[in-house]
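Structure record follows, encoded as structure tokens.
Residue numbers begin at 1 in each chain, while the letters A, B, ... track the order of the sequences.
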Amino acid sequence: MSIDAGNLLGWFDLAERDLPWRADGVTPWQILVSEFMLQQTPVARVLPIWSDWVVRWPTPSATAAATPAEVLRAWGKLGYPRRAKRLHECATVIARDFADVVPDDVEVLEQLPGIGSYTARAVACFAYRKPVPVVDTNVRRVVARAVQGRADAGTPSAKRDHADVAALLPDAARAARFSAALMELGATVCTARAPRCAACPLRSCAWRDRGFPPGSAAKRPAQRYAGTDRQVRGRLLDVLRDNAFPVTRAELDVAWPIDEVQRERALASLLDDGLVERLADDRFALPGQDRNDSTASR
DNA sequence: TACTCGTGGAA
DNA sequence: TTTCCAAGAGT
């Protein structure tokens, strides 16, 4: 089964969310920034961060001129701070090697830091209107249901997923908007939990035709967060973000006093990721931040 | 392929 | 309260 382009696009014309990175005049770089922020992160949480960010650093070179510390602070608690580091690196490469112009070629984009299969295609499609398949978790779910008649998408497979979506794309003139519409449908109607089938605009759906068979119960154990290294890293970074000057080990210790071994492991991984810097006096700071403080002189 | 990597709101 | 999961990337 396929998806009728006119059917989906007609719905999108009426139901498209008014997201700021979709507005006229938003540059490819600013769209790229939105895609970094939206990786595994809900739209509602990205909105305020993105709005401030693109005003402060409207171009790759402006972003590259900032310190990693400034970028990490602006990222705030958006999560996965390695994304912020990679966005900064990505800006540096584009400013230096691409004359401050975001590439429009998928294969070139994929070589940039923090840009993978999805983001490369999203930028090519949304910023440059290229008719390339854009496959995210929403698209995979919509295709699994409407086309394949299954409740959930299978294990991701870039090659197969791209082929599945490429087969659905209409003519090149409408392909980019079709991809945006497919994502939008998955994000707002054909959702993972409690899909709103009564509001679905699709006239054909293989999953519905089969009587909505449930997904296979073989799900991976729910991801836990409390007590994980991720939480410890988050606590440590939280301390560093909140301090304009370098902090001592003792100040980090209180962020996770329970388990010293785990705390050291988390700190080592942050250093390894380039998200934290160790100074010669054994204090710690966000990379590139001011090293002076009021206590150093007395 | 499977696992790590944050965060917080909704059910 | 616990569970789910939200425009993925890198290894």
Side-chain angles (χ1 to χ4, degrees), chain A residues 16-17 19-22 30-50 72 75-87 89-90 109-127 133-142 152-162 165 176 179-188 190-196 215 218-241 255-256 262 265-266 268-270 272-276:
Chain A
E16 179 178 10
R17 287 172 294 175
L19 301 175
W21 42 85
R22 289 173 172 171
Q30 293 165 339
I31 290 173
L32 187 157
V33 170
S34 78
E35 294 301 340
F36 265 81
M37 293 181 175
L38 287 163
Q39 290 167 5
Q40 296 286 285
T41 306
V43 167
R45 203 175 309 162
V46 169
L47 288 171
I49 306 288
W50 182 85
L72 287 166
W75 193 263
K77 304 200 72 166
L78 209 47
Y80 293 138
R82 291 192 298 191
R83 289 182 296 166
K85 186 72 164 40
R86 288 173 183 148
L87 177 57
E89 293 164 3
C90 184
L109 285 163
E110 280 183 328
Q111 300 306 311
L112 298 172
I115 297 189
S117 178
Y118 163 76
T119 303
R121 287 171 174 75
V123 170
C125 179
F126 304 146
V134 180
V135 183
D136 75 330
T137 183
N138 290 308
V139 170
R140 284 168 27 76
R141 185 174 55 251
V142 171
D152 304 293
T155 307
S157 164
K159 192 162 185 163
R160 178 166 46 75
D161 293 341
H162 292 154
V165 175
S179 284
L182 211 49
M183 282 181 60
E184 190 84 341
L185 186 68
T188 63
C190 193
T191 53
R193 190 169 41 186
R196 302 164 50 230
K219 299 206 171 183
R220 60 172 188 245
Q223 70 176 86
R224 203 173 50 253
Y225 179 61
T228 61
D229 285 6
R230 294 158 88 159
Q231 184 182 26
V232 183
R233 284 167 55 105
R235 291 283 181 84
L236 295 176
L237 218 45
D238 217 16
V239 171
L240 294 168
R241 271 195 305 263
W256 194 258
Q262 187 179 31
R265 184 170 66 234
S269 72
L270 288 170
D272 192 54
D273 287 342
L275 294 172
V276 175

What does [X] touch in the nucleic acid at a heavy-atom separation under 4.0 angstrom: a base, only the sugar-phosphate, or nothing?
X      : result
A:W75  : nothing
A:S269 : nothing
A:A192 : sugar-phosphate
A:S34  : nothing
A:R140 : nothing
A:A44  : nothing
A:L19  : base
A:R45  : base

ask   = Counting side-chain heavy atoms from C-beta on, which of C:dA6, C:dA9, B:dG6 comes nearest to A:R233?
value =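 Per side-chain heavy atoms of A:R233, the pick is B:dG6.
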Find the distance [X]:[atom1] to [N]:[atom2] and express it as a whole number of Å.
X      : N      : atom1 : atom2 : answer
A:I31  : C:dA7  : CD1   : C1'   : 13 Å
A:L87  : C:dG8  : CG    : P     : 16 Å
A:D152 : C:dC4  : CG    : P     : 13 Å
A:I115 : C:dG10 : CD1   : C1'   : 14 Å
A:Y80  : C:dT11 : OH    : C1'   : 15 Å
A:L236 : B:dG6  : CG    : P     : 10 Å

query = When you check the gap from the basic side-chain N to the acidic O, do A:R241 and A:D238 get nearer than 4.0 Å?
reply = yes
inquiry  = Should the side chain of A:R230 and the base of B:dT4 be counted as holding a donor-acceptor pair, with the cut-off at 3.5 Å?
reply    =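 Answer is no: no donor-acceptor pair is held.
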key: base_contact_polar (B:dG6 base, A:T41 side chain, donor-acceptor, <3.5 Å)   = yes
task = Could you say whether A:G79 or A:P156 is positioned toward the 5' end of DNA chain B, judged by the nucleotide with the nearest heavy atom to each?
result = A:P156
Distance below 4.0 Å between [X] side-chain N/O and [N] OP1 or OP2:
X      : N     : result
A:S117 : C:dG8 : no
A:Q40  : C:dG8 : yes
A:R241 : B:dT7 : yes
A:Y225 : B:dT7 : yes

Side chains of [X] and [Y]: donor-acceptor distance under 3.5 Å anywhere?
X      : Y      : answer
A:R121 : A:S179 : no
A:R233 : A:S269 : yes
A:Q39  : A:Y118 : no

message = Would you measure the distance from the P atom in B:dC3 across to the matching atom in C:dA7 and give it in whole Å?
response = 23 Å
key: Nearest-angstrom distance, C1' atom, C:dT1 to B:dG8   =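 The answer is 15 Å between these two C1' atoms.
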